[in-house]
Amino acid sequence: MTTVLAVIPARGGSKGVPGKNLAAVGGLPLVARAVRACTGSSLVTDVVVSTDDPAIADAALAAGAALGAAGRVHHVERPADIAGDTATSESAVLHAMDAYEAEHGRTVDVVLLVQCTSPFLTADDIDRVASAVAKDGADTAVTVAPFHAFVWRRSPGAGTAAPAGADEGGHGVNHDKSHRPRRQDRPEDFLETGAAYAMEAHGFRVHGHRFFGRTALVETDPARVLEIDDPHDLARARALAPLLDPAAVPTRTDVDAVVLDFDGTQTDDRVLVDSDGRELVAVHRGDGLGIAALRRAGLKLLILSTERNPVVAARARKLNLPVLHGLDRKDAALKRWCDENAVAPERVLYAGNDVNDLPCFGMVGWPVAVASAHDSVRAAARAVTTSPGGAGAIREIAAWLLGPTLSTPAPSTPAQ
């Protein structure tokens with residue numbers, strides 16, 4: 001059997017975006033997105049995350065467990081001397097290969113370098129870059145995107161602060177600036193995406209570099225090309241995730257517990273105040289129906305809210321649900337609840353609508369925003385309901401898990 005090892009370098013330090021590899025895009029940390037792409041490949045046999053940060057290691061291993069690939073996802077502690085700003089990705093890959101081979105006693109045939117900073121890398125991209133080396137005989141392979149742009153560069157010695165309209169001495173790199181051929185008449189160029197590389201393992205050890213011998217160019221979708229190097233890139237990735245990510249919603253096999261915010265999630269976020277200062281909120285009867293079905297299905301349920309108004313506890317009593325409210329730290333309370341109830345956070349669906357839900361989003365496997373949620377919350381969610389808060393969003397979530405009739409699906413038979 002050919003051993004195809006995907007190595008994901010993910011050090012903790014990042015000057016451009018602090019904590020970058022744990023930043024969420026589409027509701028998943030960047031390192032988890034990279035793990036998902038690798039484990040989705042039919043050719044990758046094992047995944048190694050090389051990191052100096054225990055939190056990144058935990059997120060990677062949790063992603064592997066959530067994807068049913070726990071035995072294929074490994075963590076290698078990255079030594080300090082190859083974890084600094086000047087350390088190369090090649091050094092991390094070589095170290096990870098050595099550690100993997102020493103622990104598992106088998107030789108790596110093909111090694112992949114997969115970057116967390118490319119959030120829209122797909123399992124198909126991984127398959128094709130691995131196949132170029134493992135099956136098609138290339139020595140190395142790289143993901144690229146075709147482009148037809150005219151590329152310019154400042155001439156040597158040209159100033160960078162010339163007056164507006166002045167000639168700064170630019171010259172064409174891939175064209176003669178005196179001739180403007182049509183797009184279809186220009187040769188096709190390719191942009192290195194920075195997302196994934198594959199190397200024949202022995203040749204990589206000999207050369208110590210990701211490019212040697214014959215390099216195959218593996219074309220990817222230009223719309224998915226984005227490298228996260230600064231906060232603006234991260235904001236763009238979060239805005240694009242709802243458009244580029246598969247429209248996946250959780251099922252009963254993905255989730256063991258459902259935790260619900262209250263205001264803005266089970267209500268429309270409005271409060272009616274009478275002349276005596278009493279507050280009233282409106283809820284949706286369909287949500288109560290959905291919650292009852294989730295309870296019958298055996299899911300653990302909880303209402304979690306910062307709101308101190310007794311209406312939260314009253315609604316919880318009506319629904320026969322446990323409730324924690326009047327909280328300052330929802331994430332700390334959620335962690336304690338998960339520990340006390342032996343629930344793995346990656347198996348929790350958390351539904352929320354506003355920025356005080358974001359710390360909880362970062363803890364769970366299925367952060368869900370209601371349709372009326374704040375933009376930043378929608379951007380951090382892994383799934384978004386079509387119904388607004390207080391208008392059946394919880395009923396909709398119940399239908400994701402149990403089917404449209406809210407009947408508990410029969411347990412699936414494990415594959416033999």
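This structure is a prediction, so every number in the text was calculated from the model and none was measured.
Once rounded to the nearest 0.5 Å, the distance linking CD1 of Ile228 with CG of Leu234 reads 5.0 Å.
Lys300 and Asp256 are not joined by a salt bridge, as no carboxylate oxygen comes within less than 4.0 angstrom of a charged side-chain nitrogen. A salt bridge links Arg205 with Asp98; the closest basic N to acidic carboxylate O contact falls under 4.0 Å. Taking 4.0 Å as the cut-off between side-chain N and carboxylate O, Asp339 and Arg336 do not count as a salt-bridged pair. Salt-bridge formation is not detected for the pair Arg224/Asp125: no Lys NZ or Arg NE/NH1/NH2 atom is positioned less than 4.0 Å from an Asp or Glu carboxylate oxygen. The pair Asp328-Arg308 counts as a salt bridge, with a side-chain nitrogen and a carboxylate oxygen less than 4.0 angstrom apart.
Looking at Asn353, its side chain never comes within 3.5 Å of a backbone N or O of Val370 through a donor-acceptor pair. No side-chain donor-acceptor contact under 3.5 Å links Asp354 to the backbone of Asn356. Asp52 places no side-chain N or O within donor-acceptor distance of the main-chain N or O of Arg78, the cut-off being under 3.5 Å. In terms of modelled atom types and a separation under 3.5 Å, the side chain of Thr51 and the main chain of Ala57 share no donor-acceptor contact. Within the 3.5 Å criterion, the main-chain N or O of Ser305 finds no donor-acceptor partner in the side chain of His325. Formation of a donor-acceptor pair under 3.5 Å by the Asp287 side chain with backbone atoms of Gly390 is not found in this model. Judged by distance alone, with hydrogens and angles left aside, the side-chain atoms of Ser118 form no donor-acceptor pair with the main-chain N or O of Gln115 at under 3.5 Å. No donor-acceptor distance shorter than 3.5 angstrom exists from the side chain of Thr193 to the backbone of Val225, with no hydrogens or angles considered. Distance alone, capped at 3.5 Å, is enough to place a donor-acceptor pair between the Arg252 side chain and the Val255 backbone. Without hydrogens or angle criteria, Arg270 side chain to Ala282 main chain gives no donor-acceptor distance under 3.5 Å.
Within the 4.5 Å cutoff, side-chain heavy atoms of Leu406 are placed close to those of Arg395. Two residues are said to be in side-chain contact when any heavy atoms from C-beta on lie closer than 4.5 Å; Val259 and Trp337 meet this criterion. With contacts defined as side-chain heavy-atom distances shorter than 4.5 Å, the pair Phe361/Arg382 does not qualify. In this structure, the side chains of Pro345 and Tyr350 stay at 4.5 Å or more apart for every pair of heavy atoms. For the pair Cys116 and Ile8, the minimum side-chain heavy-atom distance is below 4.5 Å. In this structure, the side chains of Val384 and Pro242 stay at 4.5 Å or more apart for every pair of heavy atoms. In this structure, Leu22 and Ile56 have side chains that are in contact, with non-hydrogen atoms separated by less than 4.5 Å.
Remark: the Thr3 side chain and the Thr45 side chain contain no N/O donor-acceptor pair separated by less than 3.5 Å. In the model, Glu192 has a side-chain atom that pairs as donor or acceptor with a side-chain atom of Tyr197 under 3.5 Å. Donor-acceptor pairing under 3.5 Å is lacking for the side chains of Ser387 and Thr385.
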Item to check | Stepwise side-chain contact (heavy atoms from CB on, under 4.5 Å) check, Val142 with Thr215 | outcome: CA-CA 7 Å; Val142 57; Thr215 299; 4.0 Å; yes
Next on the checklist: Assess the residue pair Leu334 and Val364 against the criterion (side-chain contact (heavy atoms from CB on, under 4.5 Å)); give the C-alpha distance rounded to whole Å, side-chain angles, the decisive distance to 0.1 Å, and a yes or no.
Outcome noted: CA-CA 10 Å; Leu334 177 57; Val364 302; 3.8 Å; yes
Item to check | Asp245 and Arg33: CA distance, side-chain angles, deciding distance, salt bridge (charged side-chain N to carboxylate O under 4.0 Å, His left out) verdict | outcome: CA-CA 11 Å; Asp245 282 349; Arg33 293 179 70 95; 2.6 Å; yes
Checklist entry - Going through the checks in order, is the side-chain contact (heavy atoms from CB on, under 4.5 Å) test met by Val4 and Leu112? => result CA-CA 8 Å; Val4 179; Leu112 274 61; 3.7 Å; yes
Checklist entry - Taking it one step at a time, do Leu5 and Glu101 satisfy side-chain contact (heavy atoms from CB on, under 4.5 Å)? => result CA-CA 10 Å; Leu5 179 69; Glu101 290 182 347; over 6 Å; no
Checklist entry - Between Asp46 and Arg106, does a salt bridge (charged side-chain N to carboxylate O under 4.0 Å, His left out) hold up when you go through it step by step? => result CA-CA 12 Å; Asp46 290 273; Arg106 60 179 182 267; 2.9 Å; yes
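Nearest approach of Ala333 to Leu327, heavy atoms of both residues: CB-CD1, 3.7 Å. Residues Lys20 and Leu30 share a closest heavy-atom pair of O-CD1, 3.2 Å.
By the 30° and 60° cut-offs, the orientation of the rings of Trp152 relative to His175 is perpendicular.
Exactly one of Val281, Asp261, Ile291 qualifies for a side chain to side chain contact (heavy atoms under 4.5 Å, CB included) with Gln266. That residue is Ile291.
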